[in-house]
Protein chains: 2
Amino acid sequence: MKPERQAHNVAPTPLLVAVDAVVFGYEAQRGVSLLLVQRRYGPHAGAWALPGGFVRPEESLEAAVSRELEEETGVKISYLEQLYTFGAPERDPRQRVISVSYFVLVRPDALRVQADTDAADAAWFALEALPSLAFDHGEIVATAVERLRNKLTYEPIGFELLEETFTLTELQALYESLLRRPIDRRNFQKKIRSLDILEELPETRKSPGSGRPARLYRFQRARYFELQARGQLFEVWI
Amino acid sequence: MKPERQAHNVAPTPLLVAVDAVVFGYEAQRGVSLLLVQRRYGPHAGAWALPGGFVRPEESLEAAVSRELEEETGVKISYLEQLYTFGAPERDPRQRVISVSYFVLVRPDALRVQADTDAADAAWFALEALPSLAFDHGEIVATAVERLRNKLTYEPIGFELLEETFTLTELQALYESLLRRPIDRRNFQKKIRSLDILEELPETRKSPGSGRPARLYRFQRARYFELQARGQLFEVWI
DNA sequence: ACAAAAGTGTTCACAATACACCCATGC
DNA sequence: GCATGGGTGTATTGTGAACACTTTTGT
């Protein structure tokens with residue numbers, strides 16, 4: 001069977017390319033939340049979906065994500081990385097659409113800007129109580145949640161979901177929420193401290209109610225990249 | 001600043017979508033090799049590039065990879081997974097092309113079919129002696145090599161690069177070649193055996209030259225998936 | 001003084017590492 | 001019988017896991 005070289009005989013067909021963002025936020029009370037938008041037009045009108053839209057010819061994929069997130073929700077990105085590209089022929093009933101999905105983390109203030117923005121159709125949903133989603137967005141979210149849980153244990157992305165300064169108890173609560181199991185406080189603090197990527201601040205933060213105030217920390221991003229370049233790994237099994 | 005909802009005012013522009021495959025093969029003598037094709041037309045004509053081509057409207061991304069690999073090189077895929085989507089606006093000088101790249105492993109027989117196939121412009125290159133590549137394919141390869149090295153330590157993909165049956169020494173040599181460091185034979189065998197995913201065959205294989213024949217093993221894929229479903233991890237640090 | 005949350009150190013179990021001798025075959 | 005590669009066990013070390021009391025603050 002002789003291989004064909006059809007690429008040069010038939011002009012290739014351009015396809016619609018979209019970006020979709022799985023945006024995670026975190027708050028102590030509600031745990032991890034997901035940012036969704038309500039569709040106004042087209043198929044699945046009225047259903048909740050991931051924020052996103054079509055890529056323009058002159059912009060990079062990341063620029064398209066930033067633009068769409070800004071337009072639709074107004075949130076400020078703390079961390080962004082590509083997740084996966086979904087391209088099943090039937091994923092959009094109208095026509096073929098390739099979706100490059102992105103994994104986004106935002107800080108807690110993003111969960112409160114909701115009322116400020118014009119995007120009345122954007123809302124946060126607790127990860128445990130998501131509505132059913134348009135298209136294959138449920139599958140995209142499942143992929144993103146898995147990535148978040150895995151990544152948390154070997155890269156310092158938890159910090160991107162907290163305020164710039166945080167207590168170790170807050171950090172631990174985030175880990176416990178995402179990994180869905182309790183962690184021993186002594187072991188957690190020993191492990192985190194041994195990583196040597198946190199700056200201990202002179203200030204403390206009062207606990208809600210009474211109790212001893214907790215020391216505040218800041219993630220030393222530059223220090224982390226330096227250690228990483230020298231081959232040190234992150235590794236928070238716990 | 002009021003968010004715009006331009007998506008419904010301006011028709012989205014379709015873009016060219018390609019798939020590119022980073023195909024790894026392995027042989028004891030040459031180590032890990034990469035399958036490349038020589039470009040005949042268009043920009044970078046004469047340069048070596050990753051096998052790949054444009055996605056057709058009715059086929060899935062994976063189907064496009066299989067088809068292009070079959071057409072251009074005739075190799076049979078042993079393992080395939082999506083790698084990353086490269087979409088910088090200037091990555092193709094002619095026009096905007098989004099490339100969804102795939103990570104492919106093939107068994108050693110694929111390294112020998114080269115002469116059989118019509119694709120006279122397909123060739124294997126040792127990973128340590130790659131030519132400079134067309135477009136951003138060098139970047140794609142770098143991403144794939146990193147993925148291969150990481151994945152080798154926490155998923156059983158090494159087996160996909162060997163014959164169906166193999167000796168532990170062969171498996172160890174593959175690990176040493178990819179991880180670029182010697183591994184203690186006793187510790188390696190202890191670790192691999194403890195994973196309980198290999199079937200010990202009654203046959204042995206004669207070593208090249210003299211020496212005691214080595215026992216042959218086969219990867220028990222079903223057993224691995226079963227263990228994985230029960231939560232056991234793979235984890236070959238070594 | 002008591003309730004609430006923060007901070008801290010030691011013991012134990014297991015897994016990774018280092019390491020050397022005997023076995024089966026070809027010549 | 002010797003050269004070549006294959007197969008195996010143990011002692012040591014390091015790391016993760018389990019575990020409870022003291023300190024600081026508010027009321």
Side-chain angles (χ1 to χ4, degrees), chain A residues 28-29 150 152-154 162-163 165-177 179-218 227 231-238, chain B residues 27-29 152-154 162-163 165-177 179-218 227 231-238:
Chain A
Q29 297 78 22
N150 286 331
L152 200 65
T153 65
Y154 62 87
L162 298 174
E163 306 286 356
T165 65
F166 50 86
T167 69
L168 291 185
T169 301
E170 287 164 0
L171 184 63
Q172 180 177 341
L174 168 62
Y175 272 81
E176 288 180 323
S177 166
L179 303 181
R180 290 174 298 187
R181 60 195 160 83
I183 302 174
D184 181 89
R185 195 168 69 255
R186 290 158 290 187
N187 291 339
F188 182 78
Q189 298 205 3
K190 211 188 316 169
K191 182 74 192 194
I192 294 290
R193 276 180 221 282
S194 75
L195 296 174
D196 197 24
I197 52 174
L198 292 188
E199 178 189 1
E200 187 172 326
L201 302 177
E203 311 110 64
T204 56
R205 174 181 297 168
K206 287 180 198 155
S207 316
S210 66
R212 178 172 170 173
R215 170 135 295 140
L216 285 172
Y217 292 84
R218 188 200 313 273
L227 289 175
Q232 264 101 326
L233 294 174
F234 182 71
E235 292 273 322
V236 181
W237 278 122
I238 298 223
Chain B
E27 268 186 331
Q29 298 77 21
L152 199 67
T153 64
Y154 62 85
L162 297 175
E163 306 286 355
T165 65
F166 50 85
T167 69
L168 291 185
T169 302
E170 287 164 2
L171 184 62
Q172 181 177 341
L174 168 61
Y175 272 80
E176 288 179 323
S177 165
L179 302 182
R180 290 174 295 187
R181 61 197 159 83
I183 303 175
D184 181 89
R185 194 168 71 255
R186 290 158 290 189
N187 292 337
F188 182 78
Q189 298 206 3
K190 210 187 321 169
K191 181 73 194 197
I192 295 290
R193 275 181 221 283
S194 76
L195 297 174
D196 195 24
I197 52 174
L198 292 188
E199 179 189 1
E200 187 171 325
L201 301 177
E203 310 110 63
T204 55
R205 173 180 297 168
K206 288 178 194 154
S207 316
S210 65
R212 177 174 171 173
R215 169 134 295 143
L216 285 172
Y217 291 84
R218 188 200 311 274
L227 289 175
Q232 265 101 322
L233 294 175
F234 181 71
E235 291 272 325
V236 182
W237 277 122
I238 297 215

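Below, read A as the first sequence line, B as the second, and so on, with proteins coming before strands; counting in each chain starts at 1.
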Nucleotide nearest B:Arg212 (side chain, heavy atoms from C-beta), chosen from C:dT8, D:dG6, D:dA18: D:dG6

Has the side chain of A:Lys190 got a donor or acceptor that lies under 3.5 Å from a partner of the other kind on the base of C:dT10? yes

Walking DNA chain C from its 5' end, the first of A:Ser210 and A:Arg193 to be reached, judged by nearest nucleotide, is A:Ser210

Of the nucleotides D:dC19, C:dA6, D:dT8, which one has an atom closest to the side chain of B:Arg186? D:dT8

Can you tell me how far the OG1 atom of A:Thr167 sits from the CZ atom of A:Arg215, to the nearest 0.5 Å? 12.0 Å

Of the candidates C:dT25, C:dG9, D:dG9, the side chain of B:Pro213 sits closest to C:dT25

Tell me the interatomic distance from B:Arg205, atom CZ, to C:dG26, atom C1', rounded to whole angstroms. 18 Å

Heavy atoms of B:Gln172 and B:Ile183 approach each other most closely as NE2-O, 2.7 Å

Whole angstrom is fine here: how far is it from CG in B:Leu233 over to C1' in D:dG16? 15 Å

Which pair of non-hydrogen atoms, one from B:Leu152 and one from B:Phe234, has the smallest distance, and what is that distance? O-CE2, 4.1 Å

Separation of D:dG26 P from A:Lys206 NZ (nearest whole Å): 6 Å

Rounded to the nearest Å, what distance is computed from the CG atom of residue B:Leu195 to the P atom of nucleotide C:dA16? 10 Å

Considering every strand and a 4.0 Å limit on heavy-atom distances, what is the contact class for A:Arg185: base, sugar-phosphate, or nothing? base

I need the CG-C1' distance between A:Asp184 and D:dC21, as an integer number of Å. 13 Å

Nearest-nucleotide wise, let me know which of B:Thr204 and B:Glu235 is further upstream toward the 5' end of DNA chain C. B:Glu235

Send over the distance from B:Leu168 CG to D:dG5 P, rounded to a whole Å. 17 Å

Name the residue closer to the 5' end of DNA chain D, choosing between B:Leu216 and B:Gly211 according to the nucleotide with the nearest heavy atom. B:Gly211

Rounded off to whole Å, could you give me the CG-to-C1' distance for the A:Asn187 and C:dC12 pair? 12 Å

For the student: nearest non-hydrogen atoms of A:Tyr217 and A:Arg193, plus distance: OH-NH1, 2.9 Å

Atom-pair distance (CD on A:Glu200; P on C:dA6), nearest Å: 15 Å

Would you tell me if any nitrogen or oxygen in the side chain of B:Lys191 comes within less than 4.0 Å of OP1 or OP2 on C:dA16? yes

Please work out if B:Thr169 contacts a base, only the sugar-phosphate, or nothing of the nucleic acid, heavy-atom cut-off 4.0 Å. sugar-phosphate

Please report the shortest heavy-atom distance between B:Asp196 and B:Leu227, naming the atom on each side. O-CD1, 3.9 Å

